[in-house]
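Heavy atoms only: backbone and side chains are in, while hydrogens, waters and symmetry mates are out. Remember, it's 1-based here, ligands and their atoms both numbered in the order they're listed.
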Amino acid sequence: MSIRIMGTGSALPGRVVENRELEGMVDTSDEWIRERTGIGSRHVSTGETVASLAAEACGRALADAGRQAEEVELILAATCSPEEAAPCVACRIQSEIGAGNAVAFDVNAACAGFLFALHTAWAYVEAGIYRNALIAGSEVLSKLVDWEDRATCILFGDGAGAVVLEWRDEGDAGILSSYMENSDDTERTLWCDSAFTARTVPFDAEQGLPEADAACDPYMRMAGQAVFKFATAAMVRCTEEALARAQLSVDDVALFAPHQANERIIRYAAKKMDLPLERFQIIIDHVGNVSGASALIALNEALCEGKLKQGDVACMAGFGGGLTAGACVFRI
Ligand code: COA
């Protein structure tokens with residue numbers, strides 16, 4: 001038996017923002033952004049929502065898998081940028097695609113969210129609770145970014161990716177291992193205060209608490225170099241751990257589809273694992289950092305470009321706010 005990735009899909013907002021456009025908004029340059037991050041442009045939502053992008057990506061993944069929405073038993077949405085506190089994005093996807101028989105809920109593990117959701121779905125299917133699962137990673141980080149902060153606004157983009165997982169009685173294709181880990185971030189290297197709770201309540205003054213709306217900074221903040229250090233180490237560590245659990249080595253992997261936060265992070269990890277950059281699917285040049293959706297979009301693009309054939313082993317790795325990190329190894 002195996003738990004197999006049956007289909008993938010992705011969706012990006014129509015509006016493309018080139019680096020040159022940002023030059024007119026903050027003190028930056030196309031050259032600086034390309035050289036330090038590998039980003040040339042990103043897609044920014046001008047009406048698309050986390051749920052609408054996720055539903056579009058899910059529809060494509062289902063079509064790719066040859067499955068109907070009514071057949072889906074579990075929907076997990078990974079996001080750290082939902083527009084509303086309730087209903088959750090997975091419930092929105094469920095009603096938008098018409099997956100009336102599914103159980104649906106969200107997972108928030110920031111940029112590693114897709115991996116945590118995939119791991120959770122894998123565990124449910126492995127336990128025999130559900131026979132299949134639809135997993136989406138969807139983000140509209142443009143709404144959490146401070147467009148006056150050049151250190152962060154140049155990095156992020158919006159979009160969604162999705163995969164269909166299914167229990168199969170036969171074959172050796174499917175998930176071979178999955179690994180998740182958390183490390184402490186009390187130093188706050190990567191955070192975003194909640195926009196949902198930026199309100200005072202009648203009891204705040206009574207308890208001597210600071211006024212919540214005065215204290216809340218709704219934008220994403222980051223200690224760039226500290227995050228860079230964490231990201232490079234986590235990507236290598238988690239990839240090696242997931243491969244060890246699958247009893248494989250980096251040489252067995254046909255393609256790596258990692259989270260894309262900075263092309264230099266991918267280059268560093270490739271060098272550390274003694275791998276040519278060609279073995280990595282790099283999409284950051286045209287989508288930026290799409291947080292919990294990045295690696296799913298990368299996997300979808302790799303498959304669309306015919307870079308993986310049946311029997312190939314692929315690996316996804318991710319890291320993000322929390323701090324969260326993980327990796328997953330599977331056979332196509
Ligand atoms: N344009 C031009 N200059 C910029 C700039 C921009 N957009 N952003 C920062 N700078 C400046 C800084 O102010 C600094 O100037 P100074 O030397 O006069 O003080 C200089 O560039 C170097 O800044 P630094 O922060 O050292 O650059 P860096 O090489 O570390 O690159 C990041 C910054 C953010 C691109 C990089 O640290 C990074 O990618 N970090 C990880 C981000 C990440 O992974 N986030 C999400 C995790 S899921």
How are the rings of Tyr130 and Tyr124 set to each other: parallel, tilted or perpendicular (split at 30° and 60°)?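 Rings of Tyr130 and Tyr124: tilted, as their planes differ by 30° to 60°.
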Using only atom types and a distance under 3.5 Å, with no angle test, would you say the side chain of [X] pairs donor to acceptor with the backbone of [Y]?
{"X": "Asn101", "Y": "Glu71", "value": "no"}
{"X": "Glu35", "Y": "Trp32", "value": "no"}
{"X": "Asp106", "Y": "Cys88", "value": "no"}

Once side-chain contact (heavy atoms from CB on, under 4.5 Å) is applied, do any residues pair with Leu12, and if so which ones, sequence neighbours excluded?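 Once residues adjacent in sequence are excluded, the partners of Leu12 under the side-chain contact (heavy atoms from CB on, under 4.5 Å) criterion are His43, Val287, Ile297.
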I'd like the contact residues of ligand 1, where contact means a heavy atom below 4.0 Å.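 Near ligand 1, by chain and number: Asp27, Thr28, Trp32, Arg36, Thr37, Cys111, Arg150, Ala151, Ile154, Leu190, Met222, Gly224, Gln225, Val227, Phe228, His259, Ala261, Asn262, Arg264, Ile265, Asn289, Phe319.
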Side chain to side chain donor-acceptor pair (under 3.5 Å) between Lys272 and Thr232: does it pass, once the steps are laid out? CA-CA 9 Å; Lys272 201 86 184 134; Thr232 45; over 6 Å; no
